[in-house]
Amino acid sequence: MTDISKDTETAALLEGLNEPQRRAVTSPGGPLLVLAGAGSGKTRVLTHRVAFLITAQGVRPHEILAITFTNKAASEMKERIETLVGPIARTMWVSTFHAACARILRREAPVLGYRQNFTIYDAGDQVRLIKKCLAELDFDVKRFPPKGVHAVISSAKNRLLDAEAFAEMVDSFFDDTVARTYELYQKKLFANNAMDFDDLLMRTVDLFHRFPERLDHYRHSFRHILVDEYQDTNHAQYSLVNMLGSEHRNVCVVGDDDQSIYSWRGADIRNILDFEKDYPEAEVIKLEQNYRSTQTILSAANHVITNNRDRKSKELWTALGQGNPVRIAELEDEHTEARFVAGEVSSLEHEEDFHHGDIAVFYRVNAQSRVLEDTFVRYGIPYRVVGGTRFYERAEIKDGLAYLLVIDNPADSVSFARIVNTPKRGIGTATVMALTRFADAEGLSLMEAAARAGEIADLRPAAVHALTAFSRQMTELAVTAATSPVAGTLEETLTGCGYIEALQSERTVEAEGRIENLMELVGVAEEYDRRAPQGSLSEFLQEISLYTDMDKLAEPSEAVTLMTLHNAKGLEFPVVFIIGAEEGVFPHSRSLEEQNLEEERRLCYVGMTRAMQRLYFTHASTRNLYGARSYNMASRFIAELPDELVKVEAPRSRARYGGSGGFAGADLGAGAHEGSGEVGQVVPEFFHEGDRVVHAVFGKGVVIGVEAGGTVAVRFDLDSSERKLMVEYAPLRKA
DNA sequence: TTACATCATTTTTTT
DNA sequence: AATGATGTAA
């Protein structure tokens, strides 16, 4: 490349960047902290910086390690860099911490005593194994809930405390129990040739401690390290960055302390607050110009977040203009709330230039999505739910993968236990217990023990037969796996083991859905086979165990997006609703007790700053959540919004369908409650014979009759059909 | 062993 | 409300 073309290329990289962005992109090396406010073009800076390093600094792509928070973010970044510098970018390491560690560990597993095809356990697998440990140690699962024990062990691992170190710090009876469980749990993981999510980080750090020459190798080869979302790193991740960065010290971290929302997962906000202490020579760049939201939204968000004490001062601004006020609506209950949102969605769609895909609804807990979904279905509003029960956590998917895991790694007793009697093949708990005893006594894995089931004294012939048959089948499948593509192995497994058949015989819609999900899994495998013709079952499983659904929902959609506030991180939408803004819901009751209010507030800040043009808060005076009715005050976050930026409106619940703009009454003032006399009263007078109306599903029509009980008859233009509709529930409004 | 019923418990966020 | 654990009958 000539100097001239190199210069033009560099110039192109800097085009359209503001001053601080440009400084961040071109900073030559050394520690660099970029405090990137929401919507400040952070991803752009990161990708352009990488491109700059490659084209202008002569850094070779494989010398760059870029860490992102999700797999989705990783593949996006890779793509964007590729468009800047070409296919050479593919040799870069762009991934999450967990994926990078898995890649290192797979290479280095033997020195740690693991085999390369070790299995990765997700949270569910971890809890199941912990349950087994508790049972084996005769601990009462009532007093020591597996989930709670898991949480403690996980947090210990995130702080890089192994069982021994943890045992030394024990200061309660509970922790003592955990310590003993931890020890056994870790032994079992090792025996299963398995690592859990937290191990991926911890074992890597361990590897570097015990084998300094391995560390030397990696820290020498990574000349530049970039970490996105640095505010959400935990101690183990922090240590990894410091270890790997200690030679070249070209550590560039990007983050926003105001968006740290994962402390419950071990994220330590001090990692970002203290970066300048860790690297005194660090250059610090603040990105405060926002390119996403209106000034009103930003000012409102700024007001809320300034109530937090522990933060680096930062004030977002924009050149995009004032925009509309933040709208706050108080509703009766969760149903009214959902109908309000649905009604607004319809108005935004019909009366303004927004599409369903422009709109997102955020809530604090997944359970809140149900009412919303029911309502959207009634209104005929297309929606998609992000998160919730995820594809890879569905029972049938885990089952299918468990088969593959056992075929690949017969030592994996957790997956073995999962499938040995799924579908039913007469191997019940008694048999499995006898098998386990035998395996332990003989020092075998469950799979090996099953092959020798005949030697187990207290097994009935039927059980022996079932076990040997199962073991033989698995062995045969392992042969298939060695020669077939992954998709073929999976199909062979699912049909050969009678899994599909068992589902088919259920003859239910649910079972049909499960079969479809499994076919989708086969599709995932096919895609892998295409992408990596030389790939192995091992590699496929490694890849998939770090894969979550978050990864593929990036695609633009024609549906309203429903998700939790946590999932909203990193996204943006023209219109955002934050629902359930009530004390106890958001902020969540648990965080009130645990004094985690600042984190809840950051969550609110994250949610608000996703909005580009319109932002709504809704709260309900009463709500049914988890089967109990509660009466909540409006969220303190609402109170923290300055009056001049908001428009507080309380719709007269049912009447508004007859009104024109969506809201019947305006400016009732903060905290104004609806007259309870109005609540529950249907107001059919709003519709009269001859009125032109619009229905969300059936379209335009005319009222041809008003009946008692809040029912109107409407003839629709589209097909001249006549329908009777409940004014209370029908998505109907005046045209 | 399995299928079914009842009982109890547990409700945040996820790589 | 929904899920999981436990108990009971076949």
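No experiment lies behind these values; they were computed from the predicted model shown.
Minimum atom distance to the side chain of A:H566 is reached by B:dT13, of the listed B:dT15, B:dT14, B:dT13. With distances taken from any side-chain atom of A:V365 to the nucleotides B:dT13, C:dA5, C:dA2, the minimum falls on B:dT13. When each of B:dT14, B:dT15, C:dA1 is scored by its nearest atom to the side-chain atoms of A:T564, the top-ranked nucleotide is B:dT14.
Nucleic acid contact class of A:H98 (heavy atoms, under 4.0 Å, all strands): base. When heavy atoms are screened at a 4.0 angstrom cut-off, A:K131 is found touching the sugar-phosphate backbone but no base atom. Residue A:Y262 is classed as a sugar-phosphate contact, given heavy-atom separations below 4.0 Å to backbone atoms only.
Going from atom CZ of A:F197 over to atom CZ of A:R265 covers 9.5 Å, rounded to the nearest 0.5 Å.
Rounded to an integer number of Å, the gap from CG of A:L546 to P of B:dT14 is 17 Å. Atom CZ of A:F144 is separated from atom C1' of C:dA5 by 19 Å (rounded to the nearest Å).
Using cut-offs of 30° and 60° on the angle between ring planes, the pair A:W264 and A:Y262 is tilted. Between A:Y218 and A:F208, the angle of the ring planes lies from 30° to 60°, which puts this pair in the tilted group.
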Taking only nitrogen or oxygen atoms into account, show me every contact under 3.5 Å that the protein makes with nucleotides 1-7 of chain B, one pair per line with its distance.
from	atom 1	to	atom 2	distance (Å)
B:dT1	OP1	A:T431	N	3.4
B:dT1	OP1	A:T431	OG1	2.6
B:dT2	OP1	A:G426	N	2.9
B:dT2	OP2	A:N421	ND2	3.1

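Of the charged side-chain nitrogens involved, at least one lies within less than 4.0 Å of a carboxylate oxygen, so that A:E229 and A:K569 count as a salt-bridged pair.
Side-chain N/O atoms of A:Y121 and A:D412 include a donor and acceptor closer than 3.5 Å.
Results of the salt bridge (charged side-chain N to carboxylate O under 4.0 Å, His left out) test with A:R623 over A:E583, A:E334, A:E337 single out A:E337 as the only residue that passes.
Taking 4.0 angstrom as the limit, A:N567 places a side-chain polar atom (N or O) nearer than this to OP1 or OP2 of B:dT14.
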